[in-house]
Amino acid sequence: MLRFAIGLVAALVAFGQAKPTVQEQIATHARQAQQYLESNRPDLAAKEFRAMVALDPNNLQVRGNLGVLLFFQGDYAAAAELLRPALALQPTPWKLEALLGMCEKRLAQTSAAQLDLEKSFPQLIDEKIRRQAGMELIEIYYGAGALDKAASVVGVLRKLDPADIDVLYTANRIYSDLADESMLSIAMLAPDSARMHQVMAREAARQGNSEAAITQYRKALEIDARTPGLHFELAEALMKGPSNSSGRQEAEKEYKAALAANPLDEKSECRLGQLAERRSDLKSAQTHYSRSLELQPDDSDANLGLAKVWISTGQNEKALPLLKHAAELEPYNAVVHYHLATVYRKMGREEDAKRERAEFVKVRNMKAGLAKTYQTMRLEPAGQDAQDEAQDKEVPR
């Protein structure tokens, strides 16, 4: 934030609207303020800015700079008083408007804060200020119960920094509240509908209770078999149930029913490829995986699946680009790194194979710890089948 203030100070040295003697004094204070900012003494820099405001009360740029410093010193009322007139500058100084919104929020001027943050947030370029403005706006939306608006802002922040833990926690909180809110609304409006049983099934599946999930999905199908997503979700629950041939056969039937209802159901196409691969029907697997990739080239499971078909038929050159793309799409999939290491080794690229072996071990160990966390929470991790496959394999040599 101090860099922002330093940048604003630089323009003051050449200031030429006041009388010569005043101009010289302002230039002196501006240079001194910049030195204090570079020495990380914003308190002393603020005094220099106050002196400049006293010399030229109508200089909105100086007032804006002082407002920025006062904001970071926690004097929000004084900062807001200085920032408002500074917004008369053109082009619109979005950073100043964002800071004004933050001041207003801390002064309990919520409506004004929301307006200023809504206007400035989409225009901000500085990532730190944009993150802070976004988090402040989310708090306002969340407090007002506007979860949809809060979700849209947190989506932007997640793209800004996918590894920001505070943003990820905020996203989890908002999405969980949205899920609870929507589930309550469905329960009140249609307590015995296919959708309500589908919601109950999804919750049971999330808790790792496949048997209860299957029961609820079947009830939903009895009520309305045309409900979108039911056949696919039942098939997924069957795949996570007891490992037996009858369960897999029923799952395959449901995936086919999902495709019959929606020929563009790319996920069902991919799952049929996986089932064909498990029974060593590589020709059918290739057909289903290829169709899946036609519908969605960025499906990591389909890229991995078709790559495994090519590996099984000795076509490593065809497998490699698919595996590399899968690793880009899903870098924490241990199975992908395992097969990459294997392919590189077969192609004589030992350094690449060594790198992928190390990545495989790292991700496998990380997933093992994650599985314990999910077990403690009594939740079913997504994509558990693929991770189980990775756990069962030896590190490639």
Side-chain angles (χ1 to χ4, degrees), residues 231-232 234-260 262-331 333-349 352-353 356-357 359-360 363-364 382-397:
H231 289 291
F232 175 81
L234 172 57
E236 294 284 276
L238 289 164
M239 291 293 288
K240 291 182 178 179
S243 180
N244 54 61
S245 59
S246 62
R248 304 237 181 252
Q249 289 174 359
E250 186 179 357
E252 185 170 9
K253 177 183 175 182
E254 293 300 328
Y255 286 131
K256 289 179 178 179
L259 268 175
N262 177 16
L264 301 180
D265 187 344
E266 177 269 330
K267 283 296 183 183
S268 291
E269 198 78 69
C270 182
R271 294 297 190 269
L272 287 171
Q274 291 173 342
L275 286 169
E277 180 193 340
R278 288 189 180 190
R279 59 174 180 267
S280 299
D281 184 354
L282 298 183
K283 183 177 180 180
S284 293
Q286 178 185 338
T287 299
H288 287 299
Y289 284 138
S290 297
R291 173 59 177 162
S292 178
L293 289 174
E294 286 178 11
L295 296 170
Q296 177 49 266
D298 288 338
D299 185 324
S300 61
D301 290 335
N303 276 276
L304 172 61
L306 186 56
K308 289 164 68 177
V309 171
W310 295 136
I311 292 171
S312 298
T313 57
Q315 301 182 70
N316 296 311
E317 294 291 344
K318 287 186 177 181
L320 183 57
L322 292 166
L323 290 171
K324 291 171 69 175
H325 189 43
E328 292 172 356
L329 295 167
E330 195 176 351
N333 189 326
V335 182
V336 173
H337 294 291
Y338 169 84
H339 287 293
L340 269 172
T342 301
V343 168
Y344 279 134
R345 179 172 53 82
K346 290 180 178 179
M347 296 173 68
R349 297 171 57 173
D352 291 325
E356 292 301 327
R357 283 197 296 269
E359 194 66 19
F360 167 79
V363 175
R364 184 186 60 175
Q384 189 60 46
D385 287 345
Q387 299 309 327
D388 286 344
E389 180 183 347
Q391 296 290 344
D392 291 340
K393 292 185 178 293
E394 296 293 332
V395 180
R397 301 296 179 186

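- Distance check: Leu275 CG to Gln249 CD gives 10.5 Å after rounding to the nearest 0.5 Å.
- Between His288 and Gln274, the closest side-chain pair of non-hydrogen atoms is not below 4.5 Å.
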Discussion item. Set out, in order, the CA-CA distance, both residues' side-chain angles and the distance that settles salt bridge (charged side-chain N to carboxylate O under 4.0 Å, His left out) for Arg279 and Glu252, then state yes or no.
Written reply: CA-CA 12 Å; Arg279 59 174 180 267; Glu252 185 170 9; 3.2 Å; yes
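- Considering only heavy atoms from C-beta on, Val336 stays 4.5 Å or farther from Glu330 through its side chain.
- Taking the charged nitrogens against the carboxylate oxygens, Arg291 and Glu294 do have a contact shorter than 4.0 Å, which makes a salt bridge.
- Under the 3.5 Å distance criterion, with hydrogens and angles disregarded, no donor-acceptor pair is assigned to the side chains of Glu356 and Tyr338.
- A side-chain N or O of Glu236 and one of Tyr255 form a donor-acceptor pair less than 3.5 Å apart.
- From Tyr344, atom OH reaches atom CG of Leu320 across 4.5 Å, with rounding to the nearest 0.5 Å.
- The shortest heavy-atom contact between Leu282 and Ser312 is CD1-CB, 3.8 Å.
- Rounding to the nearest 0.5 Å gives a distance of 7.5 Å between NE2 of His339 and CG of Leu323.
- Proximity of Leu264 to Leu259: side-chain heavy atoms (C-beta onward) are nowhere separated by under 4.5 Å.
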Worksheet entry | Stepwise side-chain contact (heavy atoms from CB on, under 4.5 Å) test for Leu340 and Glu359 | CA-CA 10 Å; Leu340 269 172; Glu359 194 66 19; over 6 Å; no
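- Counting all heavy atoms, side chain and backbone alike, Gly247 lies closest to Leu238 at O-CB, 4.0 Å.
- Taking 4.5 Å as the limit, every side-chain heavy atom of Leu322 sits out of range of all side-chain heavy atoms of Leu304.
- For Phe232 against Arg271, the heavy-atom pair with the smallest separation is CE1-CG, 4.1 Å.
- Residue Ser284 comes nearest to Ala276 through the heavy atom pair CB-CB, 3.9 Å, listed as atom of the first residue, atom of the second, then distance.
- Between Glu266 and Leu293 there is no side-chain heavy-atom pair separated by less than 4.5 Å.
- Residues Trp310 and Thr313 have side chains in contact (heavy-atom distance under 4.5 Å, counting atoms from C-beta outward).
- For the 3.5 Å distance criterion, the side chains of Ser292 and Glu269 fail to qualify, holding no donor opposite an acceptor.
- Summarising the geometry, atom NE2 belonging to His325 is positioned 9.0 Å from atom OG belonging to Ser300; distances are rounded to the nearest 0.5 Å.
- A donor-acceptor pair is defined here as one N or O able to donate and one able to accept, closer than 3.5 Å; such a pair exists between the side chain of Asn303 and the backbone of Pro297.
- His231 and Asp265 form no side-chain donor-acceptor contact under 3.5 Å, judged by distance and modelled atom types alone.
- Between Asp298 and Leu329, the shortest heavy-atom distance links the atoms O-CD1, 3.2 Å.
- A salt bridge is absent between Asp352 and Arg345: the closest approach of a Lys/Arg side-chain nitrogen to an acidic carboxylate oxygen does not fall below 4.0 angstrom.
- Contact between Ser268 and Ala258 at its shortest, heavy atoms only, is OG-CB, 3.4 Å.
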